[in-house]
Amino acid sequence: MKVAILGGGQLARMLSMAAHRLGVEPWIVDPKPDAPAAAVARHVLGALDDPASTRAIEGCDVVTAELDHAPAAVMEGIADRVPVRPGPRAFAIAGDRLREKELFRSLGIPTAPFAAVDAPSDMPRALAATGLPAVLKTRQQGYDGKGQCSVESAAAAEEAFTRLGGVPALLEARVPFDRELSILAVRGLDGEVRFWSPVENHHEGGILRRSRPLDRALRRALGGAGRQASRALLETLDYVGVLTVEFFEVKGRLLANEMACRVHNSGHWTEEGAVTSQFENHLRAILGLPLGGTTTLGPTAMLNLIGALPPRDALARLPGARIHLYGKAAAPGRKLGHLTLRARSKDALERALDLAELALATS
Ligand code: AMP
């Protein structure tokens, strides 16, 4: 069997490695010759919207994507010839922050107050809906904190609209959250849904830095609402594959921030910390295979390596850390790899995380 992945970044690389383990041949479509997944997959070198690229993957059994902004129109074109999973509609919605929040609202999933801003004249009405402080985000093409501006005043909001390029945007109330967490779920072709244990996420400069298991009491208190929201999305979208929903927790209440129609950085821990990884279960789902177990094997955390890599021997000296490097050139803010840490207890995991942080800071 062959699976085609739109995009050839680190997510495609890890999906490809999982595909090899299942005896499935991975193909990627990416315009960059040095795409991280090119080392482990058949590489169709070309733009996603180039008909020659999509023709090249027509012989695959299923097409999926690893991109934040998979072009829904391209995916619709492919879907006439090869099954695309998850379907183009999910990508079209997740790629537009306004449509995404409207879908949450229509399903009764709580969010921060929000309003569309298509032109500066929309700002007073939007500010009346959100209040201040707020966050202005472009509707499309935003990720890792890019395409968004925090605003403290009406004048700053108008200025931010210009700074973001004057493109259609979404104004959201700035949430004084207690923590951020994500719910990772997978839905099979037969509609079966499985969830991994929720994780708490720490961002630095809008980029995910660490994921660790959500505290047991919070898991009990919040897990139900998170799973219910995720299940509603999976079912309404008739979704197949891994879906990640990111939430803010404010005083015991969950507000949905966004969803990602793909495997996700906050699910990397599942490679070592769960019976079946997000990568394998995504493939199982889109290939119509039974899903694997999602039970946690023990306390597991993930630490991203961003911007610059410590020497490999410094990483290799970290006790218990599993090393994942993506083969990318260093650049500020770029995700170059991650470490997974597993421990016998939550306290031991915290100690291992502190040790790893210290070693990274001093190497
Ligand atoms: P996003 O691209 O929407 O995932 O935003 C990236 C990060 O910015 C989030 O993980 C939060 O840390 C922060 N952020 C985004 N939206 C808000 C908001 N409405 N209130 C507070 N923080 C936010």
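Positions are given from 1, in the same order as the sequence printed here. All ligand and atom numbering here is 1-based and tracks the order in the structure.
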J.: If you measure from atom 16 (N) of ligand 1 to every heavy atom of Lys137, Glu246, Lys146, Glu180, which option wins on shortest distance?
T.: Lys137
J.: Using the salt bridge (charged side-chain N to carboxylate O under 4.0 Å, His left out) criterion, which residues pair with Arg187? Sequence neighbours excluded.
T.: Asp238
J.: Do the side chain of Arg13 and the main chain of Leu325 share a donor and acceptor less than 3.5 angstrom apart?
T.: yes
J.: Using a 3.5 Å cut-off on N or O atoms only, is Val175 in polar contact with ligand 1?
T.: yes
J.: Restricting to salt bridge (charged side-chain N to carboxylate O under 4.0 Å, His left out), what partner residues turn up for Arg174, sequence neighbours left out?
T.: Glu152
J.: Do you know which two heavy atoms are closest between Thr362 and Leu358, and how far apart they sit?
T.: OG1-O, 2.8 Å
J.: Which of parallel (below 30°), tilted (30 to 60°) and perpendicular (above 60°) describes His338 and His324?
T.: parallel
J.: If you count the atoms of ligand 1 from 1 in the order shown, which ones are under 4.0 Å from a heavy atom of Asn257?
T.: 1 (P), 3 (O), 4 (O)
J.: Once you restrict to heavy atoms under 4.0 Å, what part of Asn201 touches ligand 1? Side chain, backbone, both or neither.
T.: neither
J.: If only side-chain N and O atoms count, and only distance matters, is there a donor-acceptor pair under 3.5 Å linking His282 with Thr64?
T.: yes
J.: Is the shortest N/O to N/O distance between Ala173 and ligand 1 below 3.5 Å?
T.: yes
J.: Give the contacting part of Val135 toward ligand 1: side chain, backbone, both or neither, where contact means a heavy-atom distance below 4.0 Å.
T.: side chain
J.: Would you tell me which option among His202, Arg174, Gln148, His203 has the nearest heavy-atom contact to atom 6 (C) of ligand 1?
T.: Gln148
